[in-house]
Amino acid sequence: MDADEMDIDLDGAGADIDSPLSAPSASGSLPAVLSELAALHRRASSSSATSPSLSLPSITYLSSAPAAVASLFPRLAAAGVPASSLLPPLEAALSAHPLPAAVAYLRLLLAPASPLLTLFSPLPFLSLLLAIRKAAAAAAYANPSSGSGGGRGNKRKRNNQRHQPAAAPQAAPSLLPRALSLLADAAGRLPLRAHPDARRSLVDTAAELAAFDVLAAVLGSDNHAEAVQDVVRALAPAVLSGSKSAARVGAVQFLVTKFVPLGAEEGEDGVRKAVGYLPRYLAVKAPDKAESRALAVEAIVEVVRALGSQERDGFAGYVVAMSKGKAKGRLLAVDLVLAMLPVLLQSHGDDCDLEEGSWGLKCLRVLVERCSDIVGGVRARALTNAAQALVVLSERGVEVDQLQEVMRIGDMGLGELLRQRCTDDKAAVRKAALVLITKAIGLIGRPVDESLLCAMGAACSDPLVSIRKAALAAISEVFRKFPDEKVMKEWLQAVPPLVIDSETSIQEECENLFLELVLNRICQAANLNLDDDSIKLEEVFPEGTLDLLKSICDGEVAPCIKKICASLGKKKKLKPVLASSLQNIITISESLWLRSCKPIENWTAPIGSWWLLSEVSSFAPKSVNWKFLSHHWKLLDNDGQDDRGKACSQVEPNSAFWAVNRVSLLQTISNVSMELPVEPAAELAHSLLTRIENFDMNLSEVDAHVKSLKNLCKRKAKTAKEGDALILKWAQQLIRSAVDILDQYIKEISESARGHSFVTPLSSKSRGKKQTSASKSTSEAVIAVFTVGSLILACPTANVKDFTPLLHTIITSGNSEPRPKNLVGGTISFKELAPSLYIQSWDTLAKICLVDDKVAKRYIPIFVQELERSDMATLRNNIMVAMADFYVCYTAMVDCYISKITKLLRDPCEVVRRQTFILLSKLLQRDYVKWRGVLFLRFLPCLVDESEKIRHLADYLFSNILKAKAPLLAYNSFIEAIYVLNDCTGHGAHSESQRSSDRRPALFAIRGTDERSRSKRMHIYASLLKQMAPEHLLATSAKLCAEILAAVCDGLLSVDDAGGRAVLQDAMQILACKEMRIHPNICTDNSEMDEEGGEGGGTASALLAAKGRAVTQVAKKNLIQVAVPIFIELKRLLESKNSPLTGCLMECLRALLKDYKNEIEEILVADKQLQRELLYDMQKYEAGKGKDKAAAEFEAGPSGTTRSPARQTPAGAAAANVDASARATVRSVLKEVNRNTPTPPLHSMSVPKVKSILDTAGPGSRLPGVLESVRRLQSFESDDEN
């Protein structure tokens, strides 16, 4: 009868109870109870039938009238009814009316005159406990929010019990508290010592119902020594539960306040030992999941805190021992060490218990040692806990020197440990190491290890977002703490590029850190003044300010910093004080230079100050002083206008810096042009126009002059239309001047070339003057051509129809095509006479094409032609940049030339290759170029390029951008990549695309069977395999077997030529490589961070693990049904051709089958000989592996220290033992061939001897073919014996 039926019976009046004495009144009374008991006793005496239950009124009366129960037993004795007659009807009542009968039974047991030993019996008592449990379940059902019940199960139960009254569930809880209270009172009085099963059931029930008063009563009784273990066993599930419930909190509090005090010194030895071992028992039973384990650790530490010092030290020793055991124990140990630190180190400051030999120090060293654990999860957890431990120790005032000593492992300091962990192959470990760097930056010390800085910088480009964030925080904390030159350089190389990260939060953090660590430091110079005794510039400004300015204008970092400044400016985060600070830095620098009485011509502003001012001035134009700009423009411009012949020796050293500063100054003027006064703006515009028209500037200054002049004209004009007209006017004026200069130059060069053979040779002095004049005219022509290119971009409506034919003459000069004799410049080659003019002509023509589609349509094919045949790396690089711009403007027009453009990925010049890779990658990200055709295959060799920078870019492209943008591309093109990289055209299915796409397929091939070529190809294959999901790895394995291995067996792919052999060898090496192996946990490798990623992380990991197991099962099925038959056929083919690839095939099979050692006989049932050979190879491999492992373990020793040379001799013995063991195993395999007949050494075997063995063999011997198979193994056995 369940709890719900009990509730219904409780409400009913008992009319339907099957009892002969159900007639008494419903209210019940003591005489009625006595008469009913007397009748039941007489009935039991006269009949052996089962006693009926007490009536409900009698049970209700006994459960609700404690005073009447006290007088029951004297009156029963007076009536001649024995007390034992109560047990049968009460036991029956516990089944009919569970909870009321249980309360009545407990009141009878607690009655003053109760014959306890007579009334107590194990079976009725167990029924009583069951009744209480059912009542508790009914209470939880009636109020789901108070317990763990609820949900769909309760809904079904309610649907099944709709016939019951609605008030039924409320009756049980009314008696349940009373029953538990009575049970707690009775628990200490019951004779449980003689009934251990009843005691265990009582403890289990109390633990299940969180009735801690009952447990306290049991422990407080005379039999508490026997009940201690039962209480621990019953409470452990509640203490170690994964939910923060009231029952768990109560259980922990009970153990701390009631249980642990039993282990006092005056207690029994067994109880003290049980209390001391309590935390160890909880540690053994601790769950594996992270959240549940954390709660378990919290409970264990609460218990340890309540223990005595001796027990705490004992448990600390147990934790240290556990840290050297299994992985689960090691993981729990590192959590326990962190949680126990406040307990073990209760003192503060210098008195903190970190003495040598103390348990606090031992536990900390355990934490540090586990940072190099073999299991990635343990390493990650140890690093995370070490970071928190450092915070705890720092708060307790532990000195830095002492902390550094604690964090040392042997000779390896903290810096080396962090460097190794920052490059760990597990993502969680890398992230934890970066967090530890952030916490332990004060312990690393100065100077910061350069390798550690490089590791943090590399982590900033990690594929995982969480690791990039952690690396960003770590290296920024190092820079904040130690603003050294090396740290600054690495920070600027790693952090600013993150402004183009795909994660928005990383971009924002990058901008905020740059604002804090760079710009705000520079702002500190805004209010500085020059002291009278200042001599050096570095003494005036805060430390590192000038170094920052110098570093931010580095060529590789500058584009990213430009983007950061632009983004901060748009968000209005750039303060006007920054511009004031930069002006102050320049002014103080000039004043200090003049104070030292040095010529102003040799002065240059601090490097980077003008450049940064040009970037921030557009967002704070009112903060830039016009007098300041005017003064420095006159200073810089006058230097440029000086007589260059006289001042050349003085200006030459700083001419490059002056040119850069002029460009930045003009950029600044352009940015603040709208704030300038009208008259000074007009005067400056006239000056700029004059400078441009002279065509004698440095090329780097032309663009800045043109842009500034354009903005100043807009400022000068009253309306926009007037401004455009003014710009067009001076643009046409400059273009006409450039046409005249270039036309004159071409005529002079042509005339000089025609009359050169008929002119009297000049003297050396005249020749020098003429060369100087020619050089000056060439420079003027180059500047004119470049200026037209800048003008056409600034004013696209300008007319260049007179200039384009001149450019055409230059770029086509020297061609072998016939041309009119009267064409100026047609007979000379400007490529040889004036290479710089030749290159600039192509660049300017490209700019004209960008604004004129008709010109572009005519000249784009010429650009592609020059791209293919040019032997000038600079020109190829410039044309590649132009083609990228053409792709944006004229995509359809340029797309047909993509196969020719991608040839530059294999250009001899590294700069051209890198430029091509970057430009094509940007076009691919913006979808101007699609990953189709051979484009993907041509990007693959970049993964193994000779340039480290290109390899790094390629790794990032394939592992981040491509994986997100086209995740199936690596899988779909993998087989074709094998053929292309080996330049194999033997298989028709994969040769057509090569022949149709390029006449030089070997350009992108990495042919050769040498080790270097094979390793390059394998690196490419491994990079592609890492991008595949497990199901794609499985499909790729099947495709390798079907399209390459099976093609060889079917004769579609020939192994007689080098290409076919290389493809087959690569396929077998791919199948055997570790990246191709599919394990059940492969799906969880990329979800290591799920544990910390939220509540759904555990579910996601479980789903991925289930997916991994399913894929593994399919992989095994594919191996047995598809791969092995192909391998068997391929082995026969290779053996018939005596191919050297047989060994590679055996190695591949060994790698594929080593996870199925016990199933090799079933898998290779079709080829027994192959089965035996594989077994032998695997045994030999394991023997060598075991030999190396034994030697390494002996070298390292048990504590991880290196042994001295004098003690290395036993390593040979250990290795020999392993070798002998492996040899014995191999012999057992060979012995089994002859049915336990020992095989003699092969060098002593001969044909007659084999026959004699056959003649003397017993009736159970093998056929001669078996011995023939053994004979074929001669080379293996002879190698072993030799």
Side-chain angles (χ1 to χ4, degrees), residues 842 846 849 856-873 875-909 911-945 950 953-954 957-958 961-962 965-966 969-970 972-985 987-1007 1020 1024 1059:
W842 282 102
C849 291
K857 190 174 182 180
R858 290 175 51 198
Y859 281 98
I860 283 179
I862 301 178
F863 275 96
V864 177
Q865 182 181 0
E866 185 68 19
L867 188 67
E868 286 188 295
R869 69 182 185 183
S870 176
D871 57 353
M872 303 172 66
L875 181 57
R876 295 196 303 272
N877 183 75
N878 293 355
I879 293 180
M880 183 61 223
V881 176
M883 296 303 296
D885 292 334
F886 293 160
Y887 237 114
V888 176
C889 299
Y890 315 110
T891 305
M893 196 182 301
V894 186
D895 193 52
C896 58
Y897 301 110
I898 187 62
S899 61
K900 297 181 179 180
I901 295 173
T902 52
K903 289 181 182 179
L904 291 187
L905 291 171
R906 303 294 282 172
D907 194 271
C909 179
V911 176
V912 177
R913 293 199 306 274
R914 186 167 71 245
Q915 184 79 280
T916 303
F917 185 91
I918 294 173
L919 292 173
L920 288 178
S921 299
K922 290 181 178 179
L923 292 173
L924 286 164
Q925 293 181 66
R926 299 170 64 186
D927 288 330
Y928 285 108
V929 179
K930 304 295 182 182
W931 286 106
R932 61 172 181 263
V934 297
L935 184 60
F936 172 76
L937 301 175
R938 294 191 172 187
F939 266 85
L940 294 179
C942 296
L943 289 166
V944 290
D945 194 273
I950 297 178
L953 291 171
L957 175 69
F958 281 93
I961 301 173
L962 181 60
K965 197 171 186 65
L969 190 57
N972 291 331
S973 304
F974 190 81
I975 303 299
E976 189 175 4
I978 299 176
Y979 283 92
V980 171
L981 292 175
N982 285 284
D983 191 23
C984 177
T985 58
H987 194 355
H990 298 283
S991 60
E992 186 64 29
S993 61
Q994 286 181 255
R995 289 194 290 265
S996 62
S997 62
D998 192 3
R999 297 179 182 179
R1000 297 165 58 195
L1003 183 65
F1004 294 90
I1006 308 176
R1007 293 181 297 179
I1020 294 174
L1024 296 181

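Throughout, residue positions are numbered sequentially from 1 according to the sequence presented.
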Side chains of Val934 and Val980: does their closest heavy-atom pair fall under 4.5 Å? no
Measuring only between side-chain heavy atoms, which start at C-beta, is Leu940 closer than 4.5 Å to Phe958? yes
Quick one, Ile961 and Leu924 - any side-chain contact, counting heavy atoms below 4.5 Å? no
How far does OG of Ser870 sit from CG of Asn877, to the nearest 0.5 angstrom? 11.0 Å
Rounded to the nearest 0.5 Å, how far does CZ of Arg913 lie from CD1 of Ile918? 12.5 Å
Spacing of Lys900 atom NZ and Lys903 atom NZ [to the nearest 0.5 Å]: 7.0 Å
Between the side chain of Asn982 and the main-chain N/O of Ile978, is any donor-acceptor distance below 3.5 Å? yes
Heavy atoms, side chains only, cut-off 4.5 Å: are Ile879 and Leu875 in contact? yes
Counterpart residues, salt bridge (charged side-chain N to carboxylate O under 4.0 Å, His left out), relative to Arg1007 (two or more places apart): Asp983
Apply the side-chain contact (heavy atoms from CB on, under 4.5 Å) test between Val929 and each candidate in Leu919, Ile901, Ile898, Val894; give the one that qualifies. Ile898
Roughly how far, to the nearest 0.5 Å, is the OG atom of Ser973 from the CG atom of Leu937? 5.5 Å
Note, Met883 side chain near Val864 side chain (heavy atom, < 4.5 Å): yes
Given the rule in the side chain to side chain contact (heavy atoms under 4.5 Å, CB included) test, do Gln915 and Val881 qualify, once you have shown the distances and angles that lead to the verdict? CA-CA 8 Å; Gln915 184 79 280; Val881 176; 3.8 Å; yes
Please enumerate all residues that pass salt bridge (charged side-chain N to carboxylate O under 4.0 Å, His left out) together with Arg876, with sequence neighbours excluded. Asp907
Check: Arg938 and Arg906 side chains under 4.5 Å, non-hydrogen atoms: no
In this structure, CE of Met872 is separated from CD of Glu866 (nearest 0.5 Å) by 8.5 Å
Decide yes or no for Tyr897 and Ile860: does some side-chain heavy atom of the first lie under 4.5 Å from some side-chain heavy atom of the second? yes
Can you pull out every side chain to side chain donor-acceptor pair (under 3.5 Å) where at least one residue sits in residues 880-896? Sequence neighbours excluded, please. Tyr887-Asp895, Asp895-Arg932
Within-4.5 Å side-chain heavy-atom neighbours: Phe936 and Leu1024: yes
Not counting sequence neighbours, which residues clear side-chain contact (heavy atoms from CB on, under 4.5 Å) with Asp927? List them please. Lys930, Lys965
Write down the atom of Cys849, the atom of Ala856, and the distance for their closest heavy-atom approach. O-CB, 3.5 Å
Between the CG atom in Leu867 and the OG1 atom in Thr916, the distance rounded to the nearest 0.5 Å is 7.5 Å
For Ser921 and Leu957 the tightest heavy-atom approach is OG-CD2, 3.9 Å
Check ring pair (Phe, Tyr, Trp, His ring centres under 6.0 Å) between Phe886 and all other residues, then give those that pass, not counting sequence neighbours. Phe863
With sequence neighbours left out, the residues meeting ring pair (Phe, Tyr, Trp, His ring centres under 6.0 Å) with Phe939 are Phe917, Trp931
Check whether Thr902 reaches the backbone of Ser899 with its side chain - one donor and one acceptor, N or O, closer than 3.5 Å. yes
